[in-house]
Undergrad: 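What follows is a single structure, and I will ask about it in a moment.
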Amino acid sequence: MAEVKLSGISKSYDGGKTWVIKDVNLSINDGEFVAFVGPSGCGKSTLLRMICGLEDITSGELSIKGERVNDLSPHERHVGMVFQSYALYPHMTVEKNMAFGLKLAKADESVIDQRVNDAARMLQLETFLPRKPKALSGGQRQRVAIGRSIVQQPSVFLFDEPLSNLDVSLRVQMRQELAGLHRRLKTTSIYVTHDQVEAMTLADRIVVLSPLGPKDSTNLEQVGPPLELYNRPANMFVAGFIGSPQMNFLDGHLESSGTERAVITLKTGDTVEVNCDAHSAKAGDKVFVGIRPEHISAQFSSMDNNESGKNRILTKIVAEELLGSESFIYCHHEAALGAIIIRVMEITSKPHDQSLSVSLPPKCCHLFNEEGTAFPRAGLPEVF
Amino acid sequence: MAMVQPRNLKYRVWCARVGLWAFLAVTLFPFFMIISISFRAGNFATGSLIPENPSLEHWSLALGIPWVNADGSITEPFFPVLTWLWNSIKVAFFSSALILILSTSSAYAFARLRFRFREHMLTAMMILQMFPAVLALVAIHALFEKIGHYLPWLGLNSLSAVTISYIGGLALHIWLIKGYFETIDNSLEEAAAIDGATPWQAFRLVLLPLSVPILAVVFILAFITAIGEYPVASVLLHSMDKLTLAVGSRQYLNPQNYLWGDFAAAAILSGLPITIIFVLCQRWIVGGLTAGGVKG
């Protein structure tokens, strides 16, 4: 049981010329489950390996249980790591794999037996103890890797994309097992993933990281509970990264603003009203309106299909994805950055090039300034 | 596998078989010749493949047993062949073992550690290895002569000198083992480090057990090289009882008197330790040792 504190953590491989990770400040509470997410190249695995002690920390301070651990070896930090590639010792049986660390520490034979058996029971590996890793399936191997960490009774669990090598159904099952395991052990856990569903379902808090640009001062974008990141993204990067398919953005400028609502004129001349507190900005400022695919409504049957008016924009269908339970319609609109994606529950195919009028409900819209920082949303319940 | 084959495949298979048999004959003929010569009475290089009047004369002399000729006279063994064989085995075994220890540890450094001039050192080793050891004969001779003044047991005409000089052929083996180490996922050693292993423990308990096949291959290669090596050993060794078999069997071939039969018996004897080592090491050369450990 331990809290982990990162202050000003930075990493550079070439003596300060280029940075992979810059100025990450983060406090992870005792027993908390935190997920690091971000696109590839954002340094999330590197950050985890720095916490583990497999990479050295260029600058900043890392403490576990209030003790500075920058210069301690992985073992001295009392962390357990589960690798994406499992990293089991192929020449040892499951039992020896799990007992390896305790044997090195010269623990009592009875202690080793008991801990290995406890872990095996918890992970349903009892019948596999005498087998070698190559005789196990992917999910079983990953469980052995988890078991190997558990027997060491680490103060912090580190997971480096542990499920990404498993097939989809197994991944869902292992996700449930990991959640159950964390409920039982209540060990502080840090979990790196590029799969936002894993992050949303497992984590108490999510840390969103972005690839470091030359001018960025940090790659830490936002930290918060899953639903807060979904409902109140701090900037366009988080807004675009959390949620699938990603949020649509429309280019425009501010017409008028107040603490409760703002009116935006899009590049195409359409006006959109949003429930956001944009009083800090002036009329005429460049802004982006964001709206998630699931919040756009489109009526195919209505007669006003060609009407363009307040919070309604006229788009043209360019592609669609029919998934059975729902469909994603890709539409073209002059003011949009990329295609506008709309989620609809209808599952019948729509003719391409047909124009489609969609409405953007004001209370579902997000508003970002030119730098991409979000304006506070008004009228949302405080729980989010 | 029911792959559809073109119709003329049958003829091509037969052609391939004939070709392979011909190739086998060419390869194996010299070997059968040597065996034949070693069982032939008298010292004749030519003759029929199956000796007309087989005799154990050469084998008896090679094994150090006096041979009673047909006329009752006794031929004493000319040379201590078994001593030479034992010398060869000692030199080959110890030099291979030393090569194995040194090349494994340096291959680990080259494969896993990051240090300055790493790439340059690797290239330099490769290039230096391309010069045949014969070029350094004078240097090797001078070196061990000098060393002999201070450490007589490591000077000229000592087996330890030969053993040490054979370690020079290390670079090739370092490359070989380094290549194998690089196929083993680094995360295994990282996992061991998290489990509390020191780098040495990770090397010994995780990396080495997985590298047994390549270690066996390197040992065999080094052993074969050492058993067959002639130039360096011939310069370093002088006295009759110190020679290796490769150098010693040259004694049979005097300008006026080519003792082909005895030479052939000695040559076959020198193949014996190689065969035994190969049979012993073969069970370590297996694939799939790392299977199941990592996925990615």
Side-chain angles (χ1 to χ4, degrees), chain A residues 13 45 49 51-55 73-94 96-107 131-142 144-145 148-149 151-152 154 156-158 160-162 164-166, chain B residues 104 107-109 111-119 177 179-218 281-296:
Chain A
Y13 284 106
S45 282
R49 292 168 60 84
I51 297 175
C52 183
L54 296 173
E55 301 269 356
S73 73
H75 187 60
E76 292 165 321
R77 295 182 191 195
H78 300 291
V79 294
M81 175 108 158
V82 177
F83 292 84
Q84 177 181 4
S85 61
Y86 320 138
L88 300 179
Y89 312 125
H91 55 299
M92 300 183 195
T93 61
V94 169
K96 288 202 172 125
N97 260 285
M98 296 211 271
F100 185 68
L102 293 175
K103 285 234 173 80
L104 288 178
K106 302 205 166 60
R131 291 209 201 161
K132 292 234 177 121
K134 68 177 164 197
L136 301 180
S137 70
Q140 289 161 349
R141 285 179 200 173
Q142 196 54 283
V144 176
R148 188 173 58 181
S149 296
V151 296
Q152 294 268 47
V156 184
F157 271 127
L158 305 173
D160 190 1
E161 308 203 20
S164 52
N165 273 334
L166 304 177
Chain B
T104 310
Y108 176 76
R112 290 291 195 256
L113 309 178
R114 295 284 165 268
F115 47 90
R116 280 183 74 182
F117 306 121
R118 178 175 155 273
E119 292 296 323
I177 302 178
Y180 193 87
F181 280 171
E182 281 169 352
T183 64
I184 297 176
D185 195 321
N186 202 10
S187 63
L188 286 179
E189 287 148 80
E190 291 177 345
I194 295 168
D195 271 343
T198 60
W200 168 247
Q201 281 173 324
F203 173 67
R204 188 169 59 90
L205 300 173
V206 176
L207 198 60
L208 274 192
L210 298 176
S211 311
V212 166
I214 197 70
L215 301 186
V217 168
V218 163
C281 289
Q282 206 176 25
R283 62 196 178 110
W284 302 111
I285 309 177
V286 286
L289 268 192
T290 54
V294 294
K295 184 176 182 183

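Each chain gets a letter, A, B and so on, in the order its sequence line appears, and its residues count up from 1.
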Undergrad: Is B:Glu190 in contact with chain A via its backbone, its side chain, both, or neither, using a 4.5 Å heavy-atom distance?
TA: both
Undergrad: Compute whether any side-chain donor of one residue and acceptor of the other, for A:Tyr86 and B:Asp185, lie under 3.5 angstrom apart.
TA: no
Undergrad: For A:Tyr89, is it the side chain, the backbone, both, or neither that has a heavy atom closer than 4.5 Å to a heavy atom of chain B?
TA: both
Undergrad: Could you check which of A:Arg49, A:Arg77, A:Lys103 has the highest count of heavy-atom pairs closer than 4.5 Å to chain B?
TA: A:Arg49
Undergrad: Can you confirm whether A:Val82 sits close enough to A:Asp160 that some side-chain heavy atom of one is under 4.5 Å from a side-chain heavy atom of the other?
TA: no
Undergrad: Find the one option among A:Leu54, A:Val144, A:Val79 whose heavy-atom pairs under 4.5 Å with chain B are most numerous.
TA: A:Leu54
Undergrad: So A:Val156 and A:His78, do their side chains get closer than 4.5 Å, heavy atoms only?
TA: no
Undergrad: Heavy atoms, side chains only, cut-off 4.5 Å: are B:Leu188 and B:Leu210 in contact?
TA: yes
